[in-house]
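Written out below as structure tokens is the structure these notes cover.
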Protein chains: 2
Amino acid sequence: MEDRLSKVFAALADPLRRDMVARLAADDATVNELAEPYDVSVQAVSKHIKVLEDAGLVRRSRQAQRRPVHLEAEVFDLMTAWIERYRRQVEERYRRLDDLLAGEARSDTDTDTEGAAS
Amino acid sequence: MEDRLSKVFAALADPLRRDMVARLAADDATVNELAEPYDVSVQAVSKHIKVLEDAGLVRRSRQAQRRPVHLEAEVFDLMTAWIERYRRQVEERYRRLDDLLAGEARSDTDTDTEGAAS
DNA sequence: CCGTTGTTCAACCTCGGGGTTGAATACTGC
DNA sequence: GCAGTATTCAACCCCGAGGTTGAACAACGG
């Protein structure tokens with residue numbers, strides 16, 4: 001599992017990590033703060049954060065002996081790009097299928113403009 | 001791992017499965033067709049498809065003895081919704097931070113310009 | 001009816017993810 | 001320097017994911 005996208009998806013496949021991301025979206029937090037609501041050890045949470053970090057979803061800064069975790073927003077773009085690409089492709093397929101069916105139904109009247117292909 | 005979103009992310013965490021999704025976005029395909037380019041067994045591919053199916057990403061129809069796999073586009077919406085939600089939240093934070101800094105900058109020059117640590 | 005093709009089921013193996021606990025490390029504040 | 005706090009490292013356990021092979025189960029096609 002070396003590629004970035006795999007790491008990102010894998011990181012978000014865990015509900016606990018998704019919850020952390022949700023909380024970090026609201027504000028930065030330290031490991032202990034993050035661990036507090038859950039009934040797992042702080043070490044476990046630290047590992048989770050490492051997973052998120054390796055995926056590029058968060059960054060750990062350094063501030064005294066604390067290591068506040070900060071959500072890195074850019075990665076979302078990576079996912080969105082991947083998802084949207086195939087979503088569009090599928091929608092395109094549907095559109096063409098519709099066109100095909102429409103064309104067969106009434107062999108005339110050309111459907112128009114698609115546009116907006118990003 | 002019961003919840004939908006976890007299944008979806010986990011399903012897409014595998015590069016092979018993502019590749020299948022990519023191919024399925026272009027067109028439906030059977031297990032054997034899907035398995036052909038890879039050097040894993042057909043059984044393994046069948047398992048992968050099951051994972052995608054359990055996540056609601058694909059559907060298997062029935063057509064003679066073949067079981068064409070069809071990509072289900074709606075799930076993408078689920079992911080996009082999740083992602084966008086937190087992306088927006090983070091952007092909102094940045095926006096408010098900018099406002100705050102702009103406001104404080106006017107009062108005095110004690111702002112300590114963090115940031116720029118990339 | 002029987003062989004062929006497409007697909008899944010079953011048993012098995014290995015490896016890594018997520019959890020634990022206990023010790024080490026990195027800073028702070030006195 | 002030393003106690004105290006925050007975090008990570010290390011070693012360990014357990015289980016599920018992904019791979020294999022071999023057999024079973026459809027559904028055609030002769």
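Lettering of chains follows the sequences in order, A, B, ..., and the numbering in each one begins at 1.
B:Arg67 places a side-chain N or O within 3.5 Å of a backbone atom of B:Ser61 that can act as its donor or acceptor partner. Within the 3.5 Å criterion, the main-chain N or O of A:Glu72 finds no donor-acceptor partner in the side chain of A:Arg59.
Of all heavy-atom pairs between A:Glu84 and B:Thr80, the closest is OE2-OG1, 3.5 Å.
Stretches of at least 3 consecutive Watson-Crick or G-U wobble pairs, with each checked distance under 3.5 Å, appear in DNA chain C as C:1-30 with D:1-30.
Applying the side-chain contact (heavy atoms from CB on, under 4.5 Å) test to A:Ser6 and every residue at least two apart in sequence or in another chain returns A:Met1, A:Asp3, B:Pro15, B:Arg18.
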Run the side-chain donor-acceptor check on residues 41-51 of chain B: report pairs under 3.5 Å with partners two or more places apart or on a different chain.
residue : atom : partner : partner atom : Å
B:Ser41 : OG   : B:Ala44 : N            : 3.2
B:His48 : ND1  : B:Arg17 : NH1          : 3.1

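Using bins of under 30°, 30° to 60° and over 60° for the plane-to-plane angle, the ring pair B:Trp82/B:Phe9 lands in the perpendicular bin.
Listed in residue order, the members of residues 25-51 of chain B having a heavy atom less than 4.0 Å from DNA chain C are B:Thr30, B:Val31, B:Asn32, B:Gln43, B:Ser46, B:Lys47. A heavy atom closer than 4.0 Å to some atom of DNA chain C occurs in no member of residues 4-22 of chain B.
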What's touching nucleotides 25-30 of chain C from the protein side, N or O pairs under 3.5 Å?
none

Take A:Arg93 and B:Asp28, measure what side-chain contact (heavy atoms from CB on, under 4.5 Å) needs, and give me the verdict at the end. CA-CA 11 Å; A:Arg93 274 176 67 195; B:Asp28 294 359; 2.8 Å; yes
Take A:Met79 and B:Met79 through the side-chain contact (heavy atoms from CB on, under 4.5 Å) test and state the conclusion after the steps. CA-CA 9 Å; A:Met79 280 188 290; B:Met79 281 188 289; over 6 Å; no
Applying side-chain contact (heavy atoms from CB on, under 4.5 Å) to A:Val69 and A:Leu52, what does each step give before you reach the verdict? CA-CA 10 Å; A:Val69 181; A:Leu52 292 172; over 6 Å; no
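Using a 4.5 Å heavy-atom cutoff, the side chains of B:Val75 and B:Arg4 are in contact. B:Arg88 has its side chain out of reach of B:Glu92: every pair of non-hydrogen atoms, C-beta onward, lies at least 4.5 Å apart. Side-chain contact between A:Leu12 and A:Leu57 is present, with at least one heavy-atom pair separated by less than 4.5 Å.
For B:Arg60 and C:dT8, the shortest distance from a side-chain N or O to OP1 or OP2 is below 4.0 Å.
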